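Residue numbers begin at 1 in each chain, while the letters A, B, ... track the order of the sequences. Because the structure is a prediction, the values reported are computed rather than measured.
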Amino acid sequence: MSEKSFVLSELVALIAERSKNRLAMRIEGEGSVRVSRFMPPQHAGEGDMSFLSDPAYAEAMKASAASVLVMREKDARAVFGEALPARTILLCDNPYAFFAFASQFLYPVERVPGIHPQAYVEEGAEVDPTATVDVFAVVRKGAKIGANALISAGVYVGENAVVGADTVIYPNAVLYHDTVVGEGCCIQSGAVLGGDGFGFAPFQGEWVKIPQRGRTVIGNDVEVGANTTIDRGALEDTTVGEGTKIDNQIQLGHNDRIGKHCVMASCVGIAGSTTVGDHVMIGGAAMINGHITIPSGSAIGPATAVTGWGKEPKQLTGFFPALGMREFKLTAATITRLPEMRKELKSLQREVEELKALIRKGEA
Amino acid sequence: MSEKSFVLSELVALIAERSKNRLAMRIEGEGSVRVSRFMPPQHAGEGDMSFLSDPAYAEAMKASAASVLVMREKDARAVFGEALPARTILLCDNPYAFFAFASQFLYPVERVPGIHPQAYVEEGAEVDPTATVDVFAVVRKGAKIGANALISAGVYVGENAVVGADTVIYPNAVLYHDTVVGEGCCIQSGAVLGGDGFGFAPFQGEWVKIPQRGRTVIGNDVEVGANTTIDRGALEDTTVGEGTKIDNQIQLGHNDRIGKHCVMASCVGIAGSTTVGDHVMIGGAAMINGHITIPSGSAIGPATAVTGWGKEPKQLTGFFPALGMREFKLTAATITRLPEMRKELKSLQREVEELKALIRKGEA
Amino acid sequence: MSEKSFVLSELVALIAERSKNRLAMRIEGEGSVRVSRFMPPQHAGEGDMSFLSDPAYAEAMKASAASVLVMREKDARAVFGEALPARTILLCDNPYAFFAFASQFLYPVERVPGIHPQAYVEEGAEVDPTATVDVFAVVRKGAKIGANALISAGVYVGENAVVGADTVIYPNAVLYHDTVVGEGCCIQSGAVLGGDGFGFAPFQGEWVKIPQRGRTVIGNDVEVGANTTIDRGALEDTTVGEGTKIDNQIQLGHNDRIGKHCVMASCVGIAGSTTVGDHVMIGGAAMINGHITIPSGSAIGPATAVTGWGKEPKQLTGFFPALGMREFKLTAATITRLPEMRKELKSLQREVEELKALIRKGEA
């Protein structure tokens, strides 16, 4: 990761393009100022930007020596009054997103285009001349590597696999044959895409392997974390939609269909043939059953076992609370008595009703 | 994965051999028909096979244009009546197993025998001439690679490790020194076999590493999923029995002894020195304690924490139910009151008994 | 792993040095005896050592033919009486730690110093002449490899990364740029250190990647298990303290700060920005929330979800008990009734009080 510097107006133009003009930005003051990094307002100086996402910290911005302050217009007015000062302010309705986009330009992933002489690119593979294939990487015949893509050292790109433009694949990740990764993706080290789904036919107490013939197909702008595994489909494809962010050590089973712009924290496991809608958020270490459908907009808490779902989006959470050892042992032992306790409670309620009736009769 | 075609009678002969003649098959009609794939009955045509495993779909078979219908005899009789039609029917008591076995021949794992010039095979390693050692793979001295085995790109086979005939090891998997993998196994990418077991001696509040001198020994026909880790034993071996199927991201600790024909879904963890019998089924993300024995034929549900077991095979399951957020918070808070509630309930039962006695006395 | 032999007095001197003279050891008898392995007392003979950590087995030591007996002084006196016999006894107050230290010398990790001709060491990397860089390993410019360090086959050491003296990194592990690993560490295969933390800015229902600019910094004598992932920090570093032992398939999020001499069993996940003190023990598959602080000396049970903590060190455990299938279904269904049951119980208590009052009034 190298550090670069930009003239602010040029940086804004780059961000406008990458955000597809959806991030509203306006420069108040000098757009020709040169910037190279973000710093907290109290430590910022010449060439630095500071951004304000929490209005509680607005006052620190006023005193900051940063070359550029990134703020919402209403926060800027609150700090500086109606007449903004001559110093450069980048007015933006989402300063945190500005920080993210700008950082992508300031701290780009380094690459040296071309095929390393000690890489292995098989005849019949297509590597864009602007792409990088690093030392000891393997690209099989029929595979296609898009413009500016980075295939790092030790990565394996199987036969007929496709890697989209601008995608970065970190060292030692593996793409099995026919795997498709979209544009602008980031695949961390040790991720395995397109491994065999877990499919076996039961046969006389044994298990006969069923070759897995579907693919793993990843949309654009997807993040796949380190050592995450996304199995290929049995017959149809396992798919991950555009913009979905998948953390480390996540397991997606064969024929899973994950929607767009989802986010999954680390250690999640989703069994096979489950469909997850768009904009679903899944907490770390959640465990999700196979063959279910989770509607768009749903949310699942951490460490939650999901075995089914209704038709509606909702939020589900559930894990045993952490307790002191003695308390846990007592509680765990009592839990198994719950159904019995419920019966006893119901029976007691009836008895008390009978007693009340008896007493009323006695009083009468 | 390439697609091949077979004359039906030859395919049946190959399956008979691979299934050790345990799969009953009989061709009604023309055995010389050529087949190359499976298709659902309604989409099947010339050269296709369709199989019926669920009798509910029997009618679709009748109308199918498939070259070969694979059915149980009783289903075939039910569909076509006593006189089977002239078209080719493969009568088989387990059509789904037939599909699995046949698919293995129709969609074999591709390999080009021989040692790639950019592989590294150390002097003193034995590689069968029919085996494949692909680019950037490493085979250390003393290691033995069996007939038709496939050591894919970037795989590491340590000193004195053994890979059995027909076994496939996918890219970037690692076998530490002395690891043994049987015949006909399938080791997915990123799997690590024979890493050090987690063994340390406590010493003045610190931990002193104990070199792990046992091995990891995997039987025949075992599947090991992507990024699964199976540690070597401390002194004795960690073992996995014949035919056991292990999904992705599973962790087996040192000195575990896993039986034959077990199946473990993804994300299971088994701590060290645990023994699992034969034909045990373990659901995804189950967490199993060390130093316990799980008898043959047992089953463990998903996301279940197993801390002990009795002598008998049984089925165990347990996870906190997923609830709406408000419901979860209330329930989790109440759970810690369970032991207290139980006492209160018992005390209330006694009081009600006393009241009843009092009233009976009053009535008398 | 090779087997070596040592003169006992030399072995003791080596252990004294490695343990920083903190392990009290005294040879009774002949210090020039040569030893090469440990064996159980009943199977030990010439050249073998046997150690006694559990006094229950003391009698077996008396009859043992081992060349050297390793015992606490009080156990030796109990077995042999005040006058110790002429045979060699190594008196040591922690025989198990002696076993661990001695085994490190008897079964060292093999290495051949030097850079393998098929390794790739970039110009500008510094590799100590006593270090090993094995075949197909990659060491980028600016990286430093310390004395006697072992960079195994297929390992990736990124730009400006540092590997301390005596550290062993097993095949196919990955260290991203700027990662620091201390001295005497052991990094198992498939571990990924310094992958991007999971940081995204929300933007119109989508997620914008934030480049992760911190590092992963690992102290001395740390173990990192196979396929474990430790993400780099967002701005500050993710750190693991000296002597901490981390098992397989563990996930540490960005900005985590793990203390010294902790131990974490396999499959643990810790979300980002959590601080763990020193000497903390964490059971397998425990799941720990982000942005919390766990004080030194705390302990967390297996499969426990930790969402918060107080100021004090304590032990927490909690997981749903494993039950028979019918019992589990009943119990899980009843759990959601718990808050209602509690209310009913309270209401019933009041009613019984009222009844008692009524009856007392009736009696009066």
Side-chain angles (χ1 to χ4, degrees), chain A residues 120 136 138 154 156 158 172 174 176-177 190 192 195-196 198 200-211 213 227 229 231 249 251 253 269 271 287 289 300-301 304-307 314-321 323 327 330-331 334-335 337-338 341 344-345 348 351-352 355 358-359 362, chain B residues 1 19 22-23 94 96-97 99-101 103-104 106-107 118 135-136 152-154 170-172 186 188-190 223 225-227 243 245 247-249 261 263 265-267 279 284-285 302-303 319-325 328 332 335-336 338-339 341-342 345 348-349 352 355-356 359 362-363:
Chain A
Y120 181 74
F136 305 140
V138 176
Y156 181 86
N172 290 3
V174 172
Y176 279 56
H177 61 91
V192 177
D196 283 349
F198 199 62
F200 302 89
F203 173 59
Q204 302 187 0
E206 303 179 8
W207 304 94
V208 184
K209 184 177 175 79
I210 300 168
R213 296 161 51 207
N227 286 346
T229 51
D231 279 351
Q249 301 209 32
Q251 150 71 5
M287 299 148 281
N289 219 342
I300 296 167
T304 300
V306 174
T307 55
K314 55 187 170 187
Q315 298 189 10
L316 289 184
T317 297
F319 48 83
F320 202 96
L323 303 172
E327 204 183 354
L330 259 174
T331 305
T334 317
I335 270 200
R337 304 297 182 99
L338 253 180
M341 281 172 65
E344 290 174 347
L345 188 58
L348 213 48
E351 288 181 65
V352 169
L355 284 182
L358 266 179
I359 288 171
Chain B
M1 202 180 285
S19 68
R22 292 177 303 162
L23 182 64
N94 189 336
Y96 193 50
F99 160 70
F101 279 120
S103 295
Q104 292 178 7
L106 292 168
Y107 314 102
Q118 286 160 271
V135 59
F136 305 140
S152 299
Y170 282 100
N172 291 3
C186 184
Q188 302 287 336
S189 284
E223 176 98 11
N227 286 346
K245 308 302 183 187
D247 201 353
N248 294 352
Q249 301 208 31
H261 306 297
V263 64
S266 63
C267 306
H279 302 285
F319 48 84
F320 202 96
L323 303 173
M325 185 55 83
F328 168 63
I335 271 199
T336 61
L338 253 181
M341 281 173 66
R342 185 139 190 268
L345 187 59
L348 213 49
Q349 285 172 327
V352 169
L355 284 182
K356 284 199 277 189
I359 289 172
E363 289 179 321

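- Both the backbone and the side chain of B/Phe101 come within less than 4.5 Å of a heavy atom of chain A.
- Note: A/Phe319 and B/Phe328 meet the aromatic proximity criterion, with ring centroids under 6.0 Å apart.
- A/Met341 touches chain B through backbone and side chain together, each having a heavy atom under 4.5 Å away.
- Taken to the nearest 0.5 Å, the CG atom of A/Leu330 stands 11.5 Å off from the OG1 atom of B/Thr336.
- Proximity to chain A (any heavy atom under 4.5 Å) is restricted, for B/Gln118, to the side chain, taken from C-beta onward.
- For A/Leu338, the part lying under 4.5 angstrom from a heavy atom of chain B is the side chain only.
- In this structure, chain B has a heavy atom under 4.5 Å from the side chain of A/Glu327, while its backbone stays farther away.
- To the nearest 0.5 Å, atoms CG (A/Asp231) and CG (B/Asp247) are separated by 6.5 Å.
- Note: A/Thr334 OG1 to B/Leu345 CG = 11.5 Å, rounded to the nearest 0.5 Å.
- Summarising the geometry of B/Gly243 relative to A/Trp207, their closest heavy-atom pair is O-CD1, 4.3 Å, with the distance given to 0.1 Å.
- To the nearest 0.5 angstrom, B/Leu323 atom CG is 8.5 Å from A/Thr317 atom OG1.
- With a 4.5 angstrom heavy-atom cutoff, B/Pro339 touches chain A via backbone and side-chain atoms both.
- Between A/Leu316 and B/Gly324, the shortest heavy-atom distance links the atoms CD2-N, 3.7 Å.
- Taking the side chain as every heavy atom from C-beta outward, A/Phe198 and B/Ser266 never approach each other to under 4.5 Å.
- By number of non-hydrogen pairs under 4.5 angstrom with chain A, the leading residue of B/Ala226, B/Gly154, B/Ala100 is B/Ala100.
- Distance NZ/B/Lys245 to CZ/A/Phe200: 5.5 Å, rounded to 0.5 Å.
- In plain terms, the two heavy atoms of B/Cys186 and A/Lys209 that are nearest each other are SG-NZ, 4.0 Å.
- The OG1 atom of A/Thr229 sits 4.0 Å away from atom CG of B/Asn248, with the distance rounded to the nearest 0.5 Å.
- Highest contact tally toward chain B, considering only A/Gln251, A/Met287, A/Gln315, is held by A/Gln251 [criterion: heavy-atom pairs under 4.5 Å].
- Residues B/Leu355 and A/Val352 are not in side-chain contact: their nearest non-hydrogen atoms beyond the backbone lie 4.5 Å or more apart.
- Heavy atoms of A/Ala305 lying under 4.5 Å from chain B belong to its backbone as well as its side chain.
- A/Tyr176 places a side-chain N or O within 3.5 Å of a backbone atom of B/Ser189 that can act as its donor or acceptor partner.
- Checked by atom type and distance alone, the side chain of B/Asn227 never pairs as donor or acceptor with a backbone atom of A/Val192 at under 3.5 Å.
- For B/Glu223, the part sitting under 4.5 Å from any heavy atom of chain A is the side chain, from C-beta outward, and nothing else.
- Considering only residues two or more places apart in sequence or on other chains, A/Lys314 meets the salt bridge (charged side-chain N to carboxylate O under 4.0 Å, His left out) condition with none of them.
- Among B/Lys356, B/Met325, B/His279, the residue with the largest count of heavy-atom pairs under 4.5 Å with chain A is B/Lys356.
- Residue contact with chain A, scored on non-hydrogen atoms closer than 4.5 Å, involves the side chain of B/Gln249 exclusively.
- Listed here is the closest heavy atom pair of A/Ala201 and B/Ala97: CB-CA, 3.9 Å.
- In terms of heavy-atom pairs under 4.5 Å with chain B, the best-connected choice from A/Asn172, A/Val174, A/Val138 is A/Val174.
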